[in-house]
Amino acid sequence: MRQSQLFTKTRREAPADEVSKNAQLLIRAGYIHKEMAGSYSYLPLGRRVLERIEAIVREEMDAIGGQEIRMATLHPAEPWKQTGAWDKVDVLFKIQSRTEKEYTVGQSEEEIATPIAGEYISSYKDLPVAIYQIGQKYRDELRAKSGIMRGREFTMKDMYSFHETQEDFDRFYAIAKQAYLRVYERLGLVAKATEASGGSFTEKTSYEFMVLTDAGEDDILYCSNCPYCVNVEITDQKEGDGCTRCGAGTLARATASEVGNIFDLGQKYTRDFNITFKTKEGEEAYPIMGCFGIGITRLMGVIVEALADEKGIVWPSTVAPFAVHLVGLNLEDDAVRDWALGVYQNLRARGVSVMYDDRDLRPGEKFADSDLMGIPYRVVVSRKGKEAGTFEVVTRATGEVRHLTEEELYNDFDSDPDT
Ligand code: ATP
Ligand code: MG
C-alpha cells in the first residue's frame with residue numbers, strides 16, 4: 001500500500017490520559033484509536049496485525065482438531081442464571097432492554113458453547129469434540145490502565161472441549177498446552193506455562209501462559225534451570241529458594257502478563273445444562289469439559305511492550321502489518337521515482353507485503369515514522385542508491401544496515417517464509 005493513501009497519520013503525542021506504553025505507541029503510529037479507557041478501535045495497520053495473530057492461533061487450534069465457530073455476542077440472561085454466573089461474575093455486563101427482558105454480552109462463553117455442543121452430543125462416539133471462536137469479549141473491569149492489555153472490550157480465542165473420560169481430557173490438555181507454546185513462539189514471545197489456581201470450579205491447578213514484562217499484572221516464580229513456573233498467588237515459595245521440581249535450579253521472581261489460560265472445568269457446565277452422553281456400557285454420563293483462552297488483543301499489546309525500543313514498535317515478521325517499509329527519498333527525481341515504483345511492484349509480485357512511503361516529506365521524518373511503525377525491514381530508495389545500484393536495507397529489530405542490489409533484495413525475500 002502507498003503511505004500517501006493511508007488515512008491514518010503518525011502523531012508526536014499520545015492522548016494525555018493514556019499511561020501505558022503499548023497504547024501510546026500504537027496510537028502514535030496509527031494502529032489503534034482510543035474510544036475510552038479499555039475500549040479501542042483497530043485501524044488499517046492494527047487490523048492487519050490482529051488478523052495475523054488470529055491466523056497463527058487459528059492454524060494451531062485447527063491443527064489439534066479445534067472446529068471454529070462464531071457465537072452470538074448478545075445473550076439472553078437465562079443460561080447465565082442457570083450457571084450462577086449472573087450473580088457471581090462481577091465483570092459481567094448486564095443490559096436492560098426497553099422491554100422487561102435482560103440481556104448480557106459474553107465475558108467468556110461457557111454458557112453459550114456448552115448448550116451448542118450439547119445439541120450434538122448423545123453418544124461416546126460424538127466425543128471428544130473441541131469448538132472454538134475468535135471474537136469479542138466484554139468485561140466490566142474496574143481498572144483499565146494497561147492499554148490494549150486490559151480492555152473492557154477485547155478479542156479472545158476461546159475453545160471448549162468435551163471428553164468421555166478424565167484420561168481423554170488429560171491427553172487433550174497436554175496437546176493443547178504444546179499448541180499454546182507454539183503459538184507464543186511463532187509470535188516472537190517466550191511464554192512460560194505457569195501453574196496457577198484452577199479458579200472457582202476446580203481444586204486442580206491450571207496453566208496460565210505468562211510472558212515476562214513489567215507491563216504485566218501478575219507475579220511469577222520461575223526456575224533458572226527447568227521449565228517450572230508458578231504464580232505467586234498459589235505458592236509459599238520465595239525468590240532464591242531451590243527449585244523442588246528439578247532439584248538443580250533456583251527460583252527467580254518476575255512480573256509477567258497472562259496471555260492465555262487453560263482450565264479443567266470438570267462436569268460443572270455439562271451438569272448445569274444437563275448434557276449427557278451414552279457410554280460404551282450404555283450408561284448416561286456427563287462429559288468432562290475444558291476451556292482454553294488466548295488473549296488476542298492482549299498479545300498484541302504484550303508484543304509491543306516486550307519488543308519495542310526507544311524509537312518505537314518492533315514487530316516480529318510473523319505479525320508485522322507489512323514485511324517491508326519501502327522508503328522513497330528524492331522522489332521529485334523521475335528516474336528515482338520510477339525505480340522505486342518498479343521495486344514496489346516487483347516485491348508485491350513476489351508476494352511480499354509492502355508499505356511504500358511515497359509521501360513528500362523530509363528523510364528524517366520518514367525514518368522516524370518508519371522506526372515508530374516497526375515494520376521489520378526498511379528498504380531505502382534514493383538518488384545516491386540509484387547511482388550505486390543498491391538499496392540501504394535496515395533490519396528494524398537489530399539496526400543492522402546492508403547495501404543490497406535489486407537481485408540480492410529479491411533473493412532475500414524469496415527465502416523468508418514470513419513475508
Ligand atoms: P486476568 O487475570 O488478566 O484478569 P483472566 O484470568 O480473567 O485474566 P481468562 O478469563 O482466563 O482471563 O481469559 C483468557 C485470556 O483472555 C487471558 O489469559 C488474557 O490473556 C485475556 N484477557 C482476560 N481479560 C482481559 C482483558 N480485560 N483485556 C484483554 N485481555 C484479557
Ligand atoms: Mg488470571
Side-chain angles (χ1 to χ4, degrees), residues 20 22-23 26 32 34-40 42 46 50 53-54 56-57 61 83 85 88-93 105-113 132-160 173 176-177 179-181 183-184 187 189 191-202 204-213 215-220 229 231-234 255-265 268-269 289-306:
S20 74
N22 67 82
L26 289 165
I32 61 172
K34 184 173 192 168
E35 307 308 337
M36 62 180 180
S39 180
Y40 298 87
Y42 288 74
L50 267 192
I53 297 173
E54 289 173 11
I56 288 172
V57 171
M61 294 304 108
T83 63
K88 268 188 247 151
V89 176
D90 48 7
V91 296
L92 189 70
F93 279 112
V105 283
Q107 52 85 39
S108 174
E109 299 193 4
E110 284 80 356
E111 278 73 5
I112 306 301
Y132 77 95
Q133 70 170 353
I134 296 173
Q136 299 303 83
K137 294 286 178 289
Y138 303 87
R139 291 188 185 180
D140 196 359
E141 302 275 3
L142 288 181
R143 286 167 302 113
K145 291 206 167 104
S146 303
I148 63 169
M149 290 170 63
R150 181 169 298 284
R152 297 197 162 92
E153 172 174 358
F154 59 99
T155 309
M156 195 203 283
K157 184 282 300 177
D158 42 327
M159 179 162 72
Y160 307 88
Y173 194 68
K177 182 181 164 198
Y180 268 51
L181 291 173
V183 165
Y184 304 122
L187 298 176
L189 297 171
K192 294 186 171 294
T194 306
E195 294 180 12
S197 133
S200 40
F201 308 124
T202 161
K204 296 177 196 147
T205 54
S206 72
Y207 282 110
E208 291 171 341
F209 294 82
M210 293 285 188
V211 174
L212 270 52
T213 162
E217 298 178 15
D218 287 273
D219 287 302
I220 58 170
C229 186
N231 194 312
V232 297
E233 283 171 358
I234 64 155
T255 304
S257 177
E258 180 196 317
V259 291
N261 201 328
I262 61 178
F263 274 108
D264 180 345
L265 296 174
K268 151 78 183 154
Y269 290 95
M289 204 177 146
C291 90
F292 307 79
I294 290 185
I296 302 280
T297 39
R298 179 175 293 178
L299 269 169
M300 181 168 160
V302 167
I303 293 171
V304 173
E305 295 279 349

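Whatever order the structure lists them in is the order used to number ligands and atoms, beginning at 1. Bear in mind that the values here come from a model prediction, so they are computed numbers and not experimental data. We use all heavy atoms of the structure for the numbers below, so side chains are in, but hydrogens, waters and symmetry mates are not.
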- [ ] State if Met149 counts as touching ligand 1 under the rule of any non-hydrogen atom under 4.0 Å.
- [x] yes
Open item on the list: Looking at ligand 1, is there an atom of it that comes within less than 4.0 Å of some heavy atom belonging to Gly151?
Closed with: yes
Task: Part of Met156 with heavy atoms under 4.0 Å of ligand 1, whether side chain, backbone, both or neither - done: side chain
TODO: Classify the contact between Arg150 and ligand 1 as side chain, backbone, both or neither, using a heavy-atom distance cut-off of under 4.0 Å.
DONE: both
So do the side chains of [X] and [Y] get within less than 4.5 Å of each other, counting heavy atoms only?
| X | Y | result |
| --- | --- | --- |
| Lys157 | Tyr132 | yes |
| Met210 | Asn231 | yes |
| Val105 | Glu153 | no |
| Ser108 | Arg139 | yes |
| Asp90 | Asp140 | no |

Open item on the list: I need the minimum non-hydrogen distance between Met149 and Ser257, along with the two atoms involved.
Closed with: CE-OG, 3.5 Å
Should one rank [options] by closest heavy-atom distance to [atom], which comes out on top?
| atom | options | value |
| --- | --- | --- |
| atom 17 (C) of ligand 1 | Glu233, Met300, Glu258 | Glu258 |
| atom 9 (P) of ligand 1 | Met210, Gln107, Arg139, Arg152 | Arg139 |
| atom 26 (C) of ligand 1 | Phe154, Phe209, Tyr138 | Phe154 |
| atom 27 (N) of ligand 1 | Glu141, Glu217, Glu153 | Glu141 |

TODO: Give yes or no for whether the N/O distance cutoff of 3.5 Å, strictly under, is met between Arg298 and ligand 1.
DONE: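 So ligand 1 has an N or O lying under 3.5 Å from an N or O of Arg298.
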Task: Test of proximity, Ile148 against ligand 1: N or O pairs below 3.5 Å - done: no
Task: For Gly260, the ligand 1 atoms whose distance to one of its heavy atoms is below 4.0 Å - done: 18 (O), 20 (O)
Task: For Gly295, atoms of ligand 1 separated by under 4.0 Å from a heavy atom - done: 15 (C), 16 (O), 20 (O), 21 (C)
Task: Pair Glu217, Ser146: side-chain N/O donor-acceptor within cut-off below 3.5 Å - done: yes
- [ ] Under the side chain to side chain contact (heavy atoms under 4.5 Å, CB included) rule, collect the residues that match up with Lys177, sequence neighbours excluded.
- [x] Ala193, Tyr207, Phe209, Ile262
